[in-house]
Amino acid sequence: MPGYPFLGQRELDYGDIAEKLKVLRIEGVPYTDEMIESAKGDLELQAGASAEGIRFLARYPKAQARSFDGDPSYVSELDALIAYMQMLGTLVDFAKFDAAGPNLR
């Protein structure tokens, strides 16, 4: 995989993360009100590697909370990409997963 050093130099724009999650919920992603309300803070906790991250990890035990790009002074696009890639598939409860998807008819 090629390097993407510019991602570590660009601050992540996440001020409207709650609004984006609301739209995703309309599309069928099962975000709860609590998840949406705490999304911005959770993002900051996950990428900041602070002691407050313990509360985040209690809600999302399979997640990692740290400075993914090595620079805890801000949340970069690289932090977001690494955190996302590490979480792919880990929060899915396959016992409840329906491969056919929702019946929209």
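Here the structure is a predicted model, which means the values were calculated and not measured.
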Any idea which heavy atoms bring [X] and [Y] closest together, and the distance?
X	Y	answer
P5	G3	CD-C, 3.4 Å
Y14	E44	OH-OE2, 2.8 Å
A58	P61	O-CD, 4.0 Å
S67	D79	C-OD1, 3.9 Å
S73	D71	OG-OD1, 2.6 Å

Would a 4.5 Å heavy-atom cut-off, applied to side chains only, mark [X] and [Y] as touching?
X	Y	value
Q46	D42	no
M35	Y60	yes
E34	R59	yes

Report, one line per pair, each donor and acceptor closer than 3.5 Å where one atom sits in a side chain of residues 18-31; sequence neighbours left out.
| from | atom 1 | to | atom 2 | distance (Å) |
| --- | --- | --- | --- | --- |
| R25 | NH1 | Y31 | O | 3.3 |
| R25 | NH1 | D33 | OD1 | 2.7 |
| R25 | NH2 | D33 | OD1 | 3.1 |

Is it the case that more than 12 heavy atoms not belonging to F6 sit under 6.0 Å from its CZ atom?
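Correct, the count exceeds 12.
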
Donor-acceptor contact present, side-chain D69 to main-chain L78, <3.5 Å:
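Such a contact is absent between D69 side chain and L78 backbone.
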
Please check this pair: side chain of E11 against backbone of E77, looking for a donor-acceptor N/O pair closer than 3.5 Å.
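No; zero donor-acceptor contacts below 3.5 Å.
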
Linked, directly or transitively: Y4 and F68 (ILVMFWY side chains, under 4.5 Å)
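Yes, Y4 and F68 fall within the same hydrophobic cluster.
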
Find the distance between CG (L12) and OG (S76) and round it off to the nearest 0.5 Å.
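Reported to 0.5 Å precision, the distance equals 7.5 Å.
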
